[in-house]
Amino acid sequence: ATNTGRTARALALLVCIASLSTTCDCAVSCNITGLWNAELSTNTMIVNVTQLDDVNVNVDFWWPQPTSHFNGSFSQGTFKFNNLEAMASTSPYPAPANSSVPPASPCSLLKFKSGPVWCLEPYCQKQIGPAPPSPPSPPDPETVMPMYTVDGAAEAGALYPNNQPAYYYMNYTGSPGWVVHLSGGGWRFLNTNSSDANDMEFVSDGLPQGYAGHCYGKCDGILSNDPDLNPLFHTWNKIFVPISGTSFTGDRDSLQPYPVRGKRIQTVVINDLLTKFNMSKATNVILTGGSSGGLATYLTCDRVGEQIAAANSSIRYSCLADAGFFMEHDAMDGSHSIADSFKESYYAWNSSVGTNQACVEANKASGNDWKCIFAQYVVPYIKSDLFVMQNLFDSWQVNNILKIGCSGYNKPMTDCSASQMAALQKYGSDLRTTLLGSLAGKDGVGMFTPSCIAHCQSVMNEHPEALWYWPERWSIVESGQSFFPRDTFNSWYLGNVTRKVQQCAWSPDTCNKLCPDWT
């Protein structure tokens with residue numbers, strides 16, 4: 001079936017299989033420049049597209065074997081058509097050596113996800129509607145954020161450890177909606193060989209050189225301005241606040257050997273947005289963050305919410321905490337070094353004034369207020385709207401809290417012993433139990449928690465692109481339906497009580513087939 005005389009930019013194909021009659025009742029279709037997304041009621045059809053010349057393509061289709069249902073993307077093989085990428089396919093089955101249009105067959109109902117104009121019948125072709133529309137506009141350019149230094153930050157003592165006054169990156173659109181992202185990337189602990197608060201062990205603050213203005217290399221996920229990737233929030237103002245080293249809780253008076261003042265940084269940044277850029281007139285504000293920024297979202301959610309409400313109590317304010325539920329948990333050898341390290345830093349950097357104050361007050365008499373540096377103890381006290389995005393087998397935690405020792409990035413889990421795998425499975429089960437326990441009675445909290453070994457999902461972190469919406473690579477599947485971080489969060493934000501919590505143990509074979517060994 002060949003369509004001639006049309007330029008590639010105007011080409012949209014609808015494949016519709018006729019019955020034995022000569023007519024063809026076409027459904028909806030998709031443009032050749034997109035993915036072939038098809039739902040077939042009786043048979044799986046394979047589509048193969050071959051470029052003949054600048055304006056001609058050849059479309060072959062056949063059925064390799066019966067199947068009761070198929071709902072997914074033909075995604076194997078790419079080709080260029082007049083400089084436009086399109087997807088060709090061999091589906092899960094190999095193409096015949098000499099592909100051709102099969103004989104007329106009982107009709108399979110095809111429903112494509114975007115816009116129709118051509119109907120290709122076996123051995124025939126006809127136009128069934130108006131001239132093909134132009135293809136969709138290309139994605140908006142990458143979200144790039146210029147840097148803004150907060151006026152008066154130095155005088156307020158809002159300094160990064162390198163003595164740089166508080167600053168942030170912003171993509172200002174003029175929208176009444178705002179996404180404020182707290183950066184992840186490290187923590188500041190006491191040097192384990194010293195009890196002196198001036199002797200610090202530095203993990204990381206700020207951003208790697210070359211990333212400035214580009215988030216973690218690129219601004220994607222909930223920070224993207226691409227409407228296809230980020231349909232609810234692509235027009236919103238987007239803010240990226242570089243990490244302070246203490247999840248924005250530290251407020252240490254001493255400047256020696258350098259300041260640890262995340263609370264002051266966060267406070268003056270929010271105030272700058274409220275006063276200088278009219279965030280006080282916003283309709284919606286989402287505070288979010290990944291990794292240590294996700295932890296900061298838990299710890300400072302209510303404090304930032306109170307600061308915003310003081311400027312305008314009618315603003316809808318919500319918190320999205322991604323990969324920040326670092327658990328107080330023993331390592332495989334029974335040690336609890338991570339809890340000890342966070343406890344020391346809590347007191348050394350005066351984090352008691354920066355974390356959730358209701359948690360601190362409730363635990364001060366028992367001497368356990370230091371535990372309010374962990375999300376599991378803070379979550380019960382959070383009053384603001386909250387969504388939790390957390391992998392149950394968090395890759396950072398498996399390495400640095402459990403200290404499994406047998407695997408890591410680009411290493412197969414086959415190197416792990418039976419006891420190490422048992423410890424891994426127990427850790428994921430413990431995290432699920434602890435997380436759900438901390439949310440007892442908080443039915444309005446949304447959740448997306450896969451049984452996967454990964455870290456952040458709402459923004460690009462360790463991955464080529466954000467797990468936020470990557471259908472071929474990341475989802476939770478329930479009863480044959482796929483759920484994605486983006487769509488689950490968006491559904492919750494639009495007013496639905498949405499929780500997706502996988503109950504199975506980690507296994508890419510039996511639990512979540514989209515989970516890699518480690519990512």
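Numbering of residues begins at 1 and proceeds along the displayed sequence.
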Could you check H455 against D394 for side chain to side chain contact (heavy atoms under 4.5 Å, CB included), going step by step and ending with a plain yes or no? CA-CA 5 Å; H455 200 37; D394 183 280; 2.8 Å; yes

Checking N237 against S175 for the side chain to side chain donor-acceptor pair (under 3.5 Å) test, could you report, in this order, the C-alpha distance in whole Å, the side-chain angles of both residues, the deciding distance, and whether it holds? CA-CA 6 Å; N237 307 292; S175 165; 4.8 Å; no

Given the rule in the side chain to side chain contact (heavy atoms under 4.5 Å, CB included) test, do C452 and N391 qualify, once you have shown the distances and angles that lead to the verdict? CA-CA 6 Å; C452 294; N391 281 291; 3.4 Å; yes

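- Applying the salt bridge (charged side-chain N to carboxylate O under 4.0 Å, His left out) rule to pairs touching residues 353-369 yields E361-K364, sequence neighbours excluded.
- Proximity of F387 to S318: side-chain heavy atoms (C-beta onward) are nowhere separated by under 4.5 Å.
- Annotation: side chain of F489 is in contact with side chain of L320 (closest heavy-atom distance under 4.5 Å).
- In terms of modelled atom types and a separation under 3.5 Å, the side chain of D322 and the main chain of Q457 share a donor-acceptor contact.
- Between Y427 and I401 the shortest side-chain heavy-atom distance falls below 4.5 Å.
- For F240 and Y216, the ring centers are positioned less than 6.0 Å apart.
- T434 places a side-chain N or O within donor-acceptor distance of the main-chain N or O of D430, the cut-off being under 3.5 Å.
- D443 meets the side-chain hydrogen bond (donor to acceptor under 3.5 Å, both in side chains) test with no other residue; sequence neighbours excluded.
- Here the shortest heavy-atom pairing between N230 and L223 reads ND2-N, 4.4 Å.
- Smallest separation of non-hydrogen atoms from V268 and A166: CG2-CB, 3.6 Å.
- Enclosure of atom NZ in K442 by more than 12 non-hydrogen atoms of other residues, nucleotides or ligands within 6.0 angstrom is indicated.
- Side-chain contact between F393 and Q425 is present, with at least one heavy-atom pair separated by less than 4.5 Å.
- The minimum heavy-atom distance between T149 and P165, with the atom names listed, is CG2-CB, 4.2 Å.
- Residue pairs meeting the salt bridge (charged side-chain N to carboxylate O under 4.0 Å, His left out) criterion with at least one member in residues 149-169, sequence neighbours excluded, are D151-K276.
- Taking the charged nitrogens against the carboxylate oxygens, D228 and R486 have no contact shorter than 4.0 Å, which rules out a salt bridge.
- Residues C372 and L299 approach most closely at O-CD2, 3.5 Å, considering heavy atoms.
- A donor-acceptor contact closer than 3.5 angstrom links the side chains of D333 and S335.
- The aromatic rings of Y469 and F484 sit perpendicular, their planes meeting at an angle over 60°, well past the 30° parallel limit.
- When each of D302, T267, T300 is checked for a side chain to side chain contact (heavy atoms under 4.5 Å, CB included) with Q307, only T267 meets the rule.
- Of the possible polar contacts, one joining the R261 side chain to the R252 backbone as a donor-acceptor pair under 3.5 Å is found.
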Go through I338 and Q397 one step at a time and tell me if the side chain to side chain contact (heavy atoms under 4.5 Å, CB included) criterion holds. CA-CA 10 Å; I338 194 70; Q397 296 187 49; over 6 Å; no

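- A distance-only check finds a donor-acceptor pair linking the side chain of S244 to the backbone of F248 [under 3.5 Å].
- In this structure, the side chain of K281 does not engage the main chain of F277 through any donor-acceptor pair within 3.5 Å.
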Could you walk me through whether H234 and L229 satisfy the side chain to side chain contact (heavy atoms under 4.5 Å, CB included) test, starting with their C-alpha distance in whole Å, then the side-chain angles of each, then the deciding distance to 0.1 Å, before giving a yes or no? CA-CA 8 Å; H234 66 279; L229 180 64; over 6 Å; no

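- Classified by interplanar angle (parallel below 30°, tilted 30° to 60°, perpendicular above 60°), the ring pair W468/F233 is tilted.
- In this structure, Y160 contributes its side chain and P242 its backbone to a donor-acceptor pair below 3.5 Å.
- Proximity of a side-chain donor or acceptor of T297 to a complementary backbone N or O of C319 within less than 3.5 Å is not detected.
- When all heavy atoms of L431 and M327 are compared, the pair lying nearest together is CA-SD, 3.6 Å.
- Looking at N284 and Y493, their side chains do bring a donor and an acceptor atom within 3.5 Å of each other.
- For the side chain to side chain contact (heavy atoms under 4.5 Å, CB included) criterion with I382, the lone passing option out of C301, S438, C359 is C301.
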Does the pair D220 and K238 meet the rule for a salt bridge (Lys or Arg N to Asp or Glu O under 4.0 Å), with working shown? CA-CA 11 Å; D220 64 358; K238 303 164 196 75; over 6 Å; no

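- Relative orientation of the F326 and W396 rings is perpendicular, given thresholds of 30° and 60° on the angle between their planes.
- The residue from F342, Y346, Y298 that alone fulfils the ring-ring contact (aromatic ring centres under 6.0 Å, His included) condition with F374 is F342.
- Side-chain atoms of K500 do not come within 3.5 Å of backbone N or O of T498 as any donor-acceptor pair.
- In terms of modelled atom types and a separation under 3.5 Å, the side chain of S247 and the main chain of S292 share a donor-acceptor contact.
- Between the side chain of N496 and the main chain of S491, a donor-acceptor pair closer than 3.5 Å is present.
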